[in-house]
Amino acid sequence: MKSIIKPVKGTRDYYPEVMALRSWLYDAAKKVSNSFGYQEYEGPLIESIELYAAKSGEELVKEQSFVFEDRGGNLIALRPELTPTLARMVAQRQNQLIYPLRWWSFGPFWRYERPQKGRTREFFQWNIDLIGPDTPAADAELVAIVAAFFKQVGLSPSDAQIMVNNRQLMETELIALGIAPGQLKEVFRLIDRKAKMERSKWEAYASELGLESRQIDDLKKLLADDELWQKSRALEEFFLAIDALQVSEYVRYAPYIIRGLDYYTGTVFEGLAVNGGLTRSILGGGRYDNLLEDVGGDKLPAVGFAMGDLVMSLVLEELGLIPEDIKSPSASVLVTVFDEGSMQESLRLSDELRQTGLRVNCYPQADKLSKQLKFADRIGIKIAVILGPEEIKQDMVTFKELSSGNQISVDRALAADTISELLDGYIPS
RNA sequence: GUGGGCGUAGCUCAAUAGGCAGAGCGCCUGUCUGUGGAACAGGUGGUUGAGGGUUCAAGUCCCUUCGCCCACCCCA
């Protein structure tokens with residue numbers, strides 16, 4: 001066996017059929033982003049590690065990011081997420097930008113983790129953020145964008161739901177249970193893990209944090225209270241906005257949604273895909289009003305979310321929602337090369353056909369015609385052009401329609417017009 | 001970081017109890033000297049991931065190692 005140098009662990013090779021899927025997701029994200037009037041942007045793929053240390057623990061960044069030292073001894077990270085870059089970019093031009101600022105991006109990220117199903121070390125994410133307003137309507141807009149995306153890719157409300165909560169509401173409620181303000185962060189983490197742990201272990205974890213059994217019972221009741229949102233003015237307004245945006249069927253209140261990230265300050269949400277008994281998290285987002293300050297800017301409210309391409313693709317594939325016809329197109333016309341003497345003539349003709357906007361291949365050598373036609377058939381060429389001694393002598397060209405096998409010969413001067421008509425189906429053979 | 005599964009032809013896989021490494025698909029050629037798909041015929045295909053051990057004999061058993069997959073952990 002030949003030993004081919006292996007790809008880097010956790011990367012994917014984007015063969016054309018895989019690339020086509022990624023492009024399709026990109027197109028869907030772009031279409032939805034544009035329809036809400038968001039502008040596309042991009043940041044650098046590498047950042048100084050300090051940018052992330054400002055927000056997440058430095059240890060976390062060092063362990064889960066690809067980090068290297070540049071020649072000046074600075075630690076550089078392959079970006080593990082976009083939000084700090086966004087915060088930096090906005091902070092740099094904070095007084096020049098026009099608010100509300102609506103930006104979106106779709107690009108690669110890296111995390112040094114053990115690859116498994118739905119997770120690689122290199123992946124793509126759609127990020128979209130609304131910066132400036134701190135209103136429930138702004139939160140609702142982002143959630144409506146998620147819903148619009150779900151619709152765009154064919155996910156129905158029974159396939160996917162957006163679960164929403166509000167951290168300020170939860171803080172108020174937790175304090176009412178007698179939990180110390182200094183402990184909120186840990187209890188948020190506890191809530192975040194409830195679904196992932198066995199009940200007994202979770203309860204043990206809770207008492208480790210110092211919660212009394214009465215508090216644990218109260219907390220469980222709280223996390224099961226689907227009407228809790230009515231205690232929050234912000235959530236009430238949020239759901240009115242969701243209603244007006246006509247995406248209610250995709251959106252639900254969920255008291256146990258809290259998100260792992262520390263930087264969320266208000267509304268938080270998570271997109272879940274449901275398929276059979278399996279529930280997968282496909283995106284997450286929320287309000288982060290302090291992040292600009294963290295990177296050295298003035299305080300500026302913001303809300304946004306990120307969606308990874310990998311789990312999204314997985315879900316769409318399982319549900320059979322990926323269209324068959326998304327492969328990137330090959331040429332539609334092949335100009336064959338009859339013999340070495342006619343190569344120039346074939347090249348000239350292929351160039352001429354390209355000038356009309358057609359996707360044209362010219363066979364690169366004078367092979368047997370059967371081989372050239374077989375090639376044309378296999379890569380999905382619609383029309384093969386034959387330019388042999390007979391044609392050249394009479395100043396004609398022959399077109400063969402691969403699907404039917406029919407062929408016609410026309411005057412050389414009419415070649416470009418005829419083939420366009422053939423491809424448009426104007427000349428039924 | 002922890003646990004489990006799997007590595008045989010380009011691909012999908014087989015190989016009885018340890019006994020000549022195979023099939024299908026693909027690829028190439030021909031039937032077909034200016035015509036693809038179909039059919040038929042022939043051909044190309046391998047250090048069984050790597051290294052070591054046991055044995056008369058190892059794809060098969062044992063040890064080591066590498067790689068991939070799955071789950072846990074983590075999840076910005």
Side-chain angles (χ1 to χ4, degrees), chain A residues 1-12 47 49 51-66 77-87 109-121 123 125 127 189 192-193 196-198 201 258-264 268 270 280-286 288 291 294 304-308 310-311 314 334 336-339 342 363 366-393 396-409:
Chain A
M1 188 182 291
K2 278 182 291 187
S3 61
I4 299 164
I5 293 168
K6 294 192 172 72
V8 173
K9 189 185 184 77
T11 60
R12 282 180 294 167
E47 291 276 12
I49 196 166
L51 181 67
Y52 306 104
K55 175 198 62 72
S56 0
E58 191 167 351
E59 198 184 316
L60 192 68
V61 175
K62 276 186 179 162
E63 273 179 24
Q64 302 207 35
S65 296
F66 283 87
L78 291 182
R79 63 179 189 185
E81 59 165 332
L82 189 60
T83 306
T85 297
L86 171 64
F109 297 88
W110 295 266
R111 292 179 195 172
Y112 202 104
E113 292 184 291
R114 190 110 173 213
Q116 54 188 278
K117 193 166 192 174
R119 179 189 288 180
T120 51
R121 288 181 174 179
F123 57 94
Q125 256 189 3
N127 280 261
R189 189 172 162 74
D192 189 48
R193 304 198 60 189
K196 296 167 192 162
M197 294 175 79
E198 283 170 44
K201 282 189 184 168
I258 205 78
R259 305 290 306 149
L261 263 175
D262 288 341
Y263 61 59
Y264 290 122
V268 286
E270 191 165 333
R280 281 205 188 85
S281 174
I282 51 183
L283 63 90
Y288 54 100
L291 198 58
D294 291 345
F305 69 83
M307 185 198 83
L310 210 61
V311 176
L314 206 63
L334 174 74
T336 59
V337 176
F338 193 83
D339 53 33
S342 64
Y363 207 82
D367 253 331
K368 289 204 299 190
L369 199 53
S370 63
K371 197 169 171 183
Q372 297 186 47
L373 288 170
K374 184 171 185 179
F375 163 78
D377 183 47
R378 295 186 59 183
I379 68 163
I381 294 273
K382 290 188 171 57
I383 292 178
V385 181
I386 298 164
L387 202 52
E390 292 294 314
E391 284 85 359
I392 289 172
K393 196 163 74 185
M396 307 270 285
V397 288
T398 297
F399 297 124
K400 181 183 180 72
E401 187 182 53
L402 277 296
S403 60
S404 64
N406 296 336
Q407 57 186 62
I408 56 168
S409 296

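What you see is a predicted model, and the numbers here were worked out from it, not measured in a lab. All chains are named by letter (A, B, ...) in the order of the sequence lines, taking the proteins before the strands, and each is independently numbered beginning at 1.
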Quick check for you: to the nearest 0.5 Å, what is the distance between A:Asp367 atom CG and A:Phe375 atom CZ? 11.0 Å

Roughly how far, to the nearest 0.5 Å, is the CG atom of A:Leu51 from the CD atom of A:Glu81? 8.5 Å

Give me the distance, rounded to whole Å, that separates [N] from [M] when you measure between the [atom1] atoms they each carry.
{"N": "B:G53", "M": "B:G59", "atom1": "P", "result": "15 Å"}
{"N": "B:C40", "M": "B:G34", "atom1": "P", "result": "27 Å"}
{"N": "B:A17", "M": "B:G10", "atom1": "C1'", "result": "33 Å"}
{"N": "B:U65", "M": "B:U44", "atom1": "P", "result": "40 Å"}
{"N": "B:A50", "M": "B:U8", "atom1": "P", "result": "10 Å"}
{"N": "B:U60", "M": "B:U48", "atom1": "P", "result": "10 Å"}

Determine the contact category for [X]: base if any of its heavy atoms lies under 4.0 Å from a base atom, sugar-phosphate if only primed atoms, P, OP1 or OP2 are that close, otherwise nothing.
{"X": "A:Arg79", "value": "nothing"}
{"X": "A:Gly284", "value": "nothing"}
{"X": "A:Ile381", "value": "nothing"}
{"X": "A:Ser403", "value": "base"}
{"X": "A:Gln372", "value": "nothing"}
{"X": "A:Lys117", "value": "sugar-phosphate"}
{"X": "A:Arg378", "value": "sugar-phosphate"}
{"X": "A:Gln125", "value": "nothing"}

5' priority, RNA chain B, between A:Asp377 and A:Trp110 [closest heavy atom]: A:Asp377

Pick the closest RNA chain B nucleotide for A:Lys400 and for A:Lys368 by heavy atoms, then say which residue is nearer the 5' end. A:Lys368

Taking the side chain from A:Arg111 and the backbone from A:Pro80, do they hold a donor-acceptor pair closer than 3.5 Å? yes

Check: A:Glu113 main-chain N/O paired with A:Arg121 side-chain donor or acceptor under 3.5 Å: yes

Looking at the side chain of [X], which of [options] is the nearest nucleotide?
{"X": "A:Ile386", "options": "B:A71, B:G34, B:A76", "result": "B:G34"}
{"X": "A:Lys371", "options": "B:C74, B:U29, B:A76", "result": "B:U29"}
{"X": "A:Ser65", "options": "B:C72, B:A76, B:G36", "result": "B:A76"}
{"X": "A:Arg189", "options": "B:C75, B:U35, B:A76", "result": "B:C75"}

For [X] and [N], is the shortest distance between a side-chain N/O and OP1 or OP2 below 4.0 Å?
{"X": "A:Arg114", "N": "B:C69", "value": "no"}
{"X": "A:Lys9", "N": "B:C68", "value": "yes"}
{"X": "A:Lys374", "N": "B:A38", "value": "no"}
{"X": "A:Arg119", "N": "B:C69", "value": "no"}

Could you pull out every donor-acceptor pair under 3.5 Å between side chains of residues 376-393 of chain A and any protein atom, sequence neighbours left out?
{"unit_1": "A:Glu391", "atom_1": "OE1", "unit_2": "A:Gly388", "atom_2": "N", "d": "3.0"}
{"unit_1": "A:Glu391", "atom_1": "OE2", "unit_2": "A:Thr398", "atom_2": "OG1", "d": "2.5"}

I'd like to check A:Asn127 versus A:Leu86 (side-chain heavy atoms, cut-off strictly below 4.5 Å). Are they in contact? no

Check A:Lys9 against A:Pro115 and note the closest heavy-atom contact, atom names and distance. CE-CD, 3.9 Å

Check the angle between the aromatic planes of A:Tyr264 and A:Tyr288 and answer parallel, tilted or perpendicular using the 30° and 60° thresholds. perpendicular

Run the side chain to side chain contact (heavy atoms under 4.5 Å, CB included) test on A:Leu373 and A:Lys400 for me, step by step, so that the C-alpha distance in whole Å, both residues' side-chain angles and the decisive distance to 0.1 Å come before the verdict. CA-CA 10 Å; A:Leu373 288 170; A:Lys400 181 183 180 72; 4.2 Å; yes

For RNA chain B, just give me the dot-bracket, please: Watson-Crick or G-U, both distances below 3.5 Å, ( ) intra-strand, [ ] crossing earlier pairs, | paired with another strand, . unpaired. (((((((..((((.....[..)))).(((((.......))))).....(((((..]....))))))))))))....

Does the base of B:G34 carry an N or O that pairs as donor and acceptor with the side chain of A:Glu391 under 3.5 Å? yes

